[in-house]
Enquirer: 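Got a structure for you, written out below as structure tokens; questions coming shortly.
Along the sequence shown, the residues carry numbers beginning at 1. Because the structure is predicted, anything quoted here is derived from the model rather than measured. One-based numbering, in listed order, for ligands and for the atoms of each.
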Amino acid sequence: MEPGAEGAEPEALLATGREAAAVAAAAAALAGSPAAAAAAAEGGGGGGAAAAAAAAPSAEDMGERGQGAGAVGPPTHQPRRRAAGGPGPRQQPPSPEPNLRSARQGAGDGAGPPDGRADFRCHKLQDSLLSSASGYSNYRGILNWCVVMLVLSNARLFLENLIKYGILVDPIQVISLFLKDPYSWPSLCLVIGSNVFILAALHIEKRLAVGALSERSGTVLHTLNLLTILCFPAWVVLAVTSITPVGAVLALGIHTILFLKLFSFKDVNRWCREKRQAKAVRTRSGSGPQKANGDVASSGVSYPANLNCKDMYYFVFAPTLCYELNFPRSPRIRKRFLLRRLFEMLFFLQLMVGLIQQWMVPTIQNSMKTFRDMDYSRIIERLLKLAVPNHLIWLLFFYWFFHSTLNVMAEILQFGDREFYRDWWNSESVTYFWQNWNIPVHKWCLRHFYKPMIKWGVGKWTAQVAVFLVSAFFHEYLVSVPLKMFRPWAFMGMAAQIPLAWFVGRFLRGNYGNAAVWISLMIGQPVAVLMYVHDYYVLNYEGSQ
Ligand SMILES: CC(C)(COP(=O)(O)OP(=O)(O)OC[C@H]1O[C@@H](n2cnc3c(N)ncnc32)[C@H](O)[C@@H]1OP(=O)(O)O)[C@@H](O)C(=O)NCCC(=O)NCCS
């Protein structure tokens with residue numbers, strides 16, 4: 001029973017005359033017995049109180065239901081009731097009538113029973129809610145307040161933006177981001193051409209599986225294939241003038257994904273061959289388990305039966321970068337789930353494009369003069385202004401890509417492993433953030449780069465630095481080549497994660513660490529965006545003026 005319920009019974013029983021009747025009526029009404037309430041109110045005195053007490057459930061009952069007792073007994077604060085499974089704020093009983101209040105005051109003043117059963121104390125040793133010693137942690141209302149404040153302040157920004165610039169959203173303009181010349185589709189040609197690399201990798205593996213190629217030759221051919229995946233599209237982007245930066249990012253992004261997938265494909269098939277060889281040696285030497293009818297039949301495909309176009313293309317389209325012979329599969333396609341994710345995909349894509357056109361582009365354009373004048377206080381003001389839409393769009397991108405898009409692909413392919421992200425938003429360290437925000441990339445880094453390096457005897461710290469440097473290279477590749485402008489900002493941004501991870505891990509803990517991760521995300525990205533846009537603007541527009 002809760003403390004509030006404890007105090008209820010003595011007070012209701014011991015109040016006298018009209019006040020006691022009112023107390024009893026209120027108790028009965030709260031217990032859901034209007035008839036008893038009426039009787040109690042009319043009867044007055046002890047009789048009425050007794051009638052109500054008989055009709056109403058016991059104080060324990062009321063305490064269990066979490067109702068009523070609070071109105072009659074000493075007040076308890078709401079969060080504790082909620083924590084104990086009590087009702088939310090909307091289920092609070094109505095405030096007591098004035099005479100009921102005076103009854104309670106009377107009881108509190110010592111006008112209670114003479115038999116000493118009652119506990120008249122209304123104070124106890126306790127901390128204020130907001131002091132950390134109180135152990136109070138239910139900040140749901142504060143969170144709602146934050147959301148309301150966020151909506152209100154952004155509504156003001158939204159209106160201000162509309163008044164200042166009018167409507168800038170233009171879906172047709174998006175097409176021009178992909179196409180410069182309607183008769184030339186270089187990005188699409190690159191994407192279609194990437195099938196050559198997929199089929200080459202499959203062919204090399206088939207030859208390796210039957211022993212027509214030595215391991216060394218296989219490694220050389222795979223390396224050439226993988227290098228070409230990265231170099232060929234980069235060369236096309238740099239050479240072809242009709243390719244747009246956005247189209248180029250898309251083509252290079254797809255080639256980077258293919259690079260990581262085919263790297264994994266090569267590694268896993270090599271591991272399969274090594275396993276097959278080790279098994280053959282064991283069988284020949286007689287040390288392995290002998291089976292009259294070969295291996296125990298497994299339900300999935302086994303090496304080298306996996307080397308066919310169907311399995312290969314399943315992997316190419318599956319939302320993972322790590323190859324497996326038998327992926328976990330979901331039992332069926334859930335149509336409602338798929339439709340919801342599809343709707344989100346389309347809606348958030350539109351929203352992101354709209355926000356970029358309406359909010360980011362004018363802010364960036366307005367920042368150019370400040371950058372030229374090198375007015376540092378204005379630069380910081382512009383940076384902070386850009387941080388808000390940039391961060392919002394980044395969050396939308398996260399949901400759009402990691403939740404909606406990858407789930408659409410997974411649902412269509414019945415790909416079972418849907419862990420595309422973990423709770424990176426709770427990161428209290430930069431390390432935790434990188435372990436949890438992009439699971440496909442993190443899994444690939446661990447499986448095909450970090451752990452093999454550690455196995456070769458490289459130190460853990462060196463291996464981590466190497467992973468971040470490779471990641472920095474790919475970030476730079478995806479920005480510098482499409483912009484046809486070599487600046488190290490993306491590389492430096494990614495490489496800076498190493499000292500940042502050290503600093504946050506060493507000096508900041510808990511909420512401070514979490515805040516540091518958020519600040520680095522909110523400020524770091526717009527710095528890089530402004531750097532690139534400024535340099536691109538200076539290179540392409542100012543030079544030509
Ligand atoms: C570098 C990186 C891979 C390090 O990952 P991490 O999880 O912090 O590394 P840890 O040292 O904690 O170890 C990870 C694994 O290696 C294993 N490991 C670590 N040291 C080991 C050792 N000496 N011997 C054997 N195994 C070891 C751990 O047991 C762990 O295994 P598990 O995954 O099976 O649990 C990670 O930070 C990363 O992915 N960074 C790049 C992310 C990135 O660029 N993303 C781009 C997104 S756009």
Enquirer: Please indicate whether any nitrogen or oxygen in Asn438 is less than 3.5 Å from any nitrogen or oxygen in ligand 1.
Expert: no

Enquirer: For atom CZ of Phe397, decide whether the heavy atoms of other residues, nucleotides or ligands shown that lie under 6.0 angstrom number more than 12.
Expert: yes

Enquirer: Taking atom 19 (C) of ligand 1 as the point of reference, which of Ile454, Thr431, Leu478 owns the nearest heavy atom?
Expert: Ile454

Enquirer: Please name the residue in the list Phe401, Trp437, Phe402 that meets the ring-ring contact (aromatic ring centres under 6.0 Å, His included) test with Trp394.
Expert: Trp437

Enquirer: Just go through Met494, Lys451, Gln435 and tell me whose heavy atom is the nearest to atom 16 (O) of ligand 1.
Expert: Lys451

Enquirer: How about atom 6 (P) of ligand 1: does it have a protein heavy atom within less than 4.0 Å?
Expert: yes

Enquirer: Does ligand 1 have any atom sitting under 4.0 Å from a heavy atom of Trp437?
Expert: yes

Enquirer: For His222, run the side-chain hydrogen bond (donor to acceptor under 3.5 Å, both in side chains) check against Lys266, Glu205, Arg270 and tell me which one passes.
Expert: Glu205

Enquirer: What atoms in ligand 1 come closer than 4.0 Å to a heavy atom of Tyr450?
Expert: 9 (O), 10 (P), 11 (O), 13 (O), 14 (C), 16 (O)

Enquirer: If the cut-off is 4.0 Å to any non-hydrogen atom of His475, which atoms of ligand 1 fall inside it?
Expert: 48 (S)

Enquirer: Does the protein come close to atom 9 (O) of ligand 1 - that is, does one of its heavy atoms sit below 4.0 Å from that atom?
Expert: yes

Enquirer: As a test of understanding, state which of Leu224, Thr223, Leu230, Ile229 forms a side chain to side chain contact (heavy atoms under 4.5 Å, CB included) with Leu226.
Expert: Ile229

Enquirer: Quick check, are the ring centers of Trp359 and His391 under 6.0 angstrom apart?
Expert: no

Enquirer: Which protein heavy atom lies closest to atom 44 (O) of ligand 1, and at what distance to 0.1 Å?
Expert: Ser471 OG, 2.6 Å

Enquirer: From atom 46 (C) of ligand 1, work out which of Ile439, Val441, Leu446, Val458 has a heavy atom at the shortest distance.
Expert: Val441

Enquirer: Please indicate whether Tyr399 has more than 12 foreign heavy atoms, meaning atoms of other residues, nucleotides or ligands, lying under 6.0 Å from its OH.
Expert: yes

Enquirer: Counting non-hydrogen protein atoms only, what is the nearest one to atom 40 (N) of ligand 1? Give residue, atom name and distance.
Expert: Phe468 CZ, 3.6 Å

Enquirer: Would you say the ring centroid of Trp424 lies under 6.0 angstrom from that of Phe398?
Expert: yes

Enquirer: Quick check on Phe347: does its CZ atom have over 12 non-hydrogen neighbours (other residues, nucleotides or ligands) under 6.0 Å away?
Expert: no

